[in-house]
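Below: one structure, written as structure tokens.
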Amino acid sequence: MPIQICDTCGTSYPETSAPPSRCLICEDERQFVPRGGQVWTTPEKLASGHVNGWRQLEAGLLEIHTHPQFGIGQRALLLRTPQGNILWDCISLLDDATEALVRGLGGLHAIAISHPHYYTRMQDWARSFDCPVHLHAADAEWIMRSDPAIRHWRGDALEIAQGVTLLRLGGHFPGGTVLHWADGAEGRGAILSGDILQVAADVSRVSFLWSYPNMMPLSAATVRRIADTLVPWKFDRIYGAFPGRQVMTDGAQTLERSAARYIELLQNNQS
Ligand SMILES: [Zn+2]
Ligand SMILES: [Zn+2]
């Protein structure tokens with residue numbers, strides 16, 4: 001029996017002969033059930049109609065993105081470090097070509113994921129490359145396939161390789177995490193942000209929402225706390241969840257300016 005994959009969000013569910021009746025991730029107000037009802041696929045069907053494309057974003061950082069777009073449409077990022085490769089965020093398509101290419105690059109040292117929308121098929125990636133998956137414990141209720149590779153971390157920071165630190169910012173999800181890469185941007189530092197800081201259409205801005213598809217904001221206090229949490233961390237670039245969405249310079253100033261404007265809009269009365 002195959003595992004079942006939600007077509008709308010890419011989350012995988014345990015092996016069953018028939019698809020589940022519901023996707024709990026999509027029924028949450030931070031996602032949505034499509035008007036025609038939930039649609040399901042399997043790893044085999046997904047691989048027959050999709051491929052993964054690769055792009056180098058800078059030395060040591062590769063993007064993996066599924067074509068045609070699948071689920072939410074996020075990219076996974078493969079970060080190369082002296083201690084091994086780290087997969088940041090995850091995607092539903094793990095086909096033979098992807099497995100061979102990642103193996104050729106040295107496999108994976110660890111997987112880390114920003115929040116439950118990108119858990120997808122982390123269990124299968126972890127099994128293929130025999131590595132742990134680091135997830136913040138605050139979002140444990142959203143794991144749809146338990147797996148021995150999953151390691152729950154607690155608190156606000158966890159270094160998973162030298163100069164690679166997970167930072168819990170919360171916001172979009174209580175355990176919402178970004179990854180700080182000290183050697184990124186030629187040593188000026190980079191943040192891999194998932195949906196936790198959302199790089200906007202104007203790539204000199206980031207935004208912050210509770211629900212992206214349903215356009216529900218976060219509070220001013222939460223946005224202030226998110227921005228303040230990153231003040232001690234040096235970074236020049238911010239790599240968001242989607243292809244093309246990266247702030248290439250002045251990342252820290254971009255975050256502060258964006259947060260200040262967001263809070264100003266929430267707090268001002270406008271007619
Ligand atoms: Zn779903
Ligand atoms: Zn999300």
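Remember, it's 1-based here, ligands and their atoms both numbered in the order they're listed.
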Would you give the angle at the Zn ion (ligand 1) between Cys6 atom SG and Cys9 atom SG, to the nearest 10°? 110°
His172 atom (N/O/S) at minimal separation from the Zn ion (ligand 2): NE2
May I ask you to decide if the ring planes of His115 and Phe173 are parallel, tilted or perpendicular, using 30° and 60° as cut-offs? tilted
Shortest-distance N/O/S atom, His117 versus the Zn ion (ligand 2): ND1
Would you call the rings of His117 and His172 parallel, tilted or perpendicular, where under 30° means parallel and over 60° means perpendicular? tilted
In terms of relative ring orientation, are Phe129 and Trp125 parallel, tilted or perpendicular, with 30° and 60° separating the classes? tilted
For the Zn ion (ligand 2), find the closest N/O/S atom belonging to Asp195 and write down its atom name. OD2
Side chains of Ser114 and Asp89: any donor to acceptor distance under 3.5 Å? yes
